[in-house]
Amino acid sequence: MDMFAKVAGTLREMRGNPDFARCPIRDVLDQIGDKWSTLLLLTLAEGPRRFGAIKRMVPDISQRMLTQTLRDLQRDGLINRTVFPTTPPSVEYRLTPLGQSLLQPLAGLIVWADGNHPAIKAARLAFDRALQETS
């Protein structure tokens, strides 16, 4: 079965599920599809990083949001957190095998987003202009 047929079948099953809010696909995509998780996964794809290095590589994330997102990714089994017994203790984050397995499909999405960004920006401008004209 090809990938698109499998996706279509999964979507049909989900629509028939009375408990759509507990859909496993939605559960996973809610986490990895948020604003920060993808950036942090990509940052860790290059190798293990300490908290400060991650913060420098993603400078517009708040410390609180960085901490929470790292915890969420750790909870989902996508990253590991290792504390080293130094003074003060140092902490390193790295992708788990599960996190590494996400990089290939994520790379496809990133390539698509990069290649289609100009078209998306143009569509947004056209939509906004049309909206202003009807207002």
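One is the number of the first residue; the rest follow in order along the sequence.
No more than 12 heavy atoms of other residues, nucleotides or ligands lie within 6.0 Å of CZ in Phe127, so this atom counts as exposed by the packing criterion.
If you take CG on Leu73 and CD on Gln68, they are separated by 10.0 Å, rounding to the nearest 0.5 Å. Rounding to the nearest 0.5 angstrom, the gap separating the CG atom in Leu39 from the CG atom in Leu66 is 11.0 Å.
Using a distance-only test at 3.5 Å, with no hydrogens or angles considered, a donor-acceptor pair links the side chain of Thr67 to the main chain of Gln63. Side-chain N or O atoms of Asp76 include none that pairs as donor or acceptor with a backbone N or O of Leu78 at under 3.5 Å.
The side chain to side chain donor-acceptor pair (under 3.5 Å) contacts involving residues 103-118 comprise nothing, where partners must be two or more places apart or lie in separate chains. Contacts classified as side chain to side chain donor-acceptor pair (under 3.5 Å) and involving residues 38-48 (residues at least two apart or in different chains) are given here: Glu46-Arg49. Contacts classified as side chain to side chain donor-acceptor pair (under 3.5 Å) and involving residues 126-135 (residues at least two apart or in different chains) are not found.
By the rule that hydrophobic residues join a cluster once side-chain heavy atoms approach within less than 4.5 Å of another member, Leu106 and Val111 end up as members of separate clusters. Linking ILVMFWY side-chain heavy atoms closer than 4.5 Å, directly or via other members, places Leu98 and Val28 in a single hydrophobic cluster. Connection of Ile110 to Leu103 is established within a shared hydrophobic cluster, with ILVMFWY side chains joined at heavy-atom distances below 4.5 Å, either directly or through further cluster members. In terms of hydrophobic clustering, with Ile, Leu, Val, Met, Phe, Trp and Tyr side chains grouped at heavy-atom distances under 4.5 Å, Leu44 and Met65 are assigned to a common cluster.
Looking at residues two or more places apart in sequence or on another chain, you find no salt bridge (charged side-chain N to carboxylate O under 4.0 Å, His left out) involving Arg50. Scored by the side-chain hydrogen bond (donor to acceptor under 3.5 Å, both in side chains) test, Asn80 finds no partners at all (sequence neighbours excluded). Among residues two or more places apart in sequence or in another chain, the side-chain hydrogen bond (donor to acceptor under 3.5 Å, both in side chains) test is passed with Arg56 by none.
In this structure the side chain of Ile79 never reaches within 4.5 angstrom of the side chain of Leu40, judged on heavy atoms. The closest side-chain heavy-atom distance from Leu70 to Tyr93 is below 4.5 Å. In this structure, Leu95 and Leu102 have side chains that are not in contact, with every pair of non-hydrogen atoms separated by 4.5 Å or more. Between Ile61 and Trp36, the closest side-chain pair of non-hydrogen atoms falls below 4.5 Å.
The minimum heavy-atom distance between Pro105 and Ser101, with the atom names listed, is CD-O, 3.5 Å. Summarising the geometry of Thr96 relative to Gly77, their closest heavy-atom pair is OG1-O, 2.5 Å, with the distance given to 0.1 Å. Shortest non-hydrogen contact noted between Pro48 and Glu92 is CB-CD, 3.5 Å.
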CA sep, side-chain torsions, deciding dist, call: Ile120, Arg124, side chain to side chain contact (heavy atoms under 4.5 Å, CB included): CA-CA 6 Å; Ile120 291 169; Arg124 287 175 182 166; 3.6 Å; yes
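In this structure, a donor-acceptor pair under 3.5 Å is absent between the side chains of Thr69 and Asp72.
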